Amino acid sequence: MTALSQNSCEACRIGAPKVDEAEAKELLPQIPDWSLIEVDGIQQLQRQYKFKNFVSAMAFANQLAEIAEAEGHHPGILVEWGKATVTWWSHSIKGLHRNDFVMAAKTDDLLSK
Ligand SMILES: C[C@H](O)[C@H](O)[C@H]1CNC2=NC(N)=NC(=O)C2=N1
């Protein structure tokens with residue numbers, strides 16, 4: 001469990017500041033298995049998790065749905081046989097907010113429990 005995952009999401013509204021390069025440099029090492037990607041000009045965090053079958057991947061996706069609902073911040077999840085790809089970004093600001101790094105850390109914690 002990392003310090004980052006102990007945080008909660010703060011309200012993220014249109015106009016909230018995106019994580020800048022300096023902050024991203026500080027936060028990314030705390031979630032070392034995540035990649036910074038860009039889709040349609042929107043920066044996002046993405047990680048693929050491996051599972052032994054489809055049901056395990058789906059169970060993980062459902063656990064993630066629960067914490068997403070609790071925090072009011074929601075990921076993209078692609079569930080396939082033996083894997084789940086999770087993508088975090090903030091729709092309201094079309095980019096990365098600190099919340100996305102917090103949620104990436106919380107996602108990792110689901111599997112380290
Ligand atoms: C009204 C509701 O809280 C907002 O639309 C939330 C819901 N979940 C969200 N999730 C993500 N990832 N980005 C958002 O901007 C966002 N907005």
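Just so you know, ligand 1 is whichever comes first in the structure, and atom 1 is the first atom listed for that ligand. Along the sequence shown, residues are numbered consecutively beginning with 1. Bear in mind that the values here come from a model prediction, so they are computed numbers and not experimental data.
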Identify the heavy atoms of [X] and [Y] that sit nearest to each other, and give their distance.
X: Trp89; Y: Leu96; result: CA-CD2, 4.2 Å
X: Ala57; Y: Glu80; result: CB-O, 3.9 Å
X: Ile93; Y: Gly15; result: CG2-N, 4.1 Å

Kindly indicate, with the supporting measurements, whether the criterion side chain to side chain contact (heavy atoms under 4.5 Å, CB included) is fulfilled by Glu10 and His97.
CA-CA 10 Å; Glu10 45 191 79; His97 185 272; 3.5 Å; yes
Strictly less than 4.0 Å: does any protein heavy-atom distance to [atom] fall in that range?
atom: atom 17 (N) of ligand 1; result: no
atom: atom 4 (C) of ligand 1; result: no
atom: atom 7 (C) of ligand 1; result: yes
atom: atom 14 (C) of ligand 1; result: yes

Have a look at Lys94, Arg13, His74 and point out the one with the heavy atom closest to atom 10 (N) of ligand 1.
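The option holding the nearest heavy atom is His74.
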Would you kindly confirm whether Ile42 and Ile37 end up in one hydrophobic cluster when ILVMFWY residues are joined by side chain heavy atoms under 4.5 Å apart?
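No.
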Would you call the rings of His73 and Trp88 parallel, tilted or perpendicular if under 30° counts as parallel and over 60° as perpendicular?
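Taking Trp88 first and then His73, their aromatic rings lie parallel (interplane angle under 30°).
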Under a 4.0 Å N-O cut-off, is there an ion pair linking Arg98 with Glu23?
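Between Glu23 and Arg98 there is a salt bridge, with a charged N closer than 4.0 Å to a carboxylate O.
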Residue Glu21 excluded, over 12 heavy atoms near CD under 6.0 Å
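No.
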Under a 4.0 angstrom heavy-atom cut-off, which atoms of ligand 1 come close to [X]?
X: Ser90; value: 13 (N), 15 (O)
X: Trp89; value: 11 (C), 12 (N), 13 (N)
X: Gly72; value: 6 (C), 7 (C), 8 (N), 9 (C)

Heavy-atom contact check, 4.0 Å cutoff: does Cys12 meet ligand 1?
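False for this residue.
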Does any N or O atom in Ser92 lie less than 3.5 angstrom from one in ligand 1, N or O only?
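N/O-N/O distance under 3.5 Å: yes.
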Trp88 N/O to ligand 1 N/O under 3.5 Å
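For ligand 1, there is no N or O atom that lies under 3.5 Å from one belonging to Trp88.
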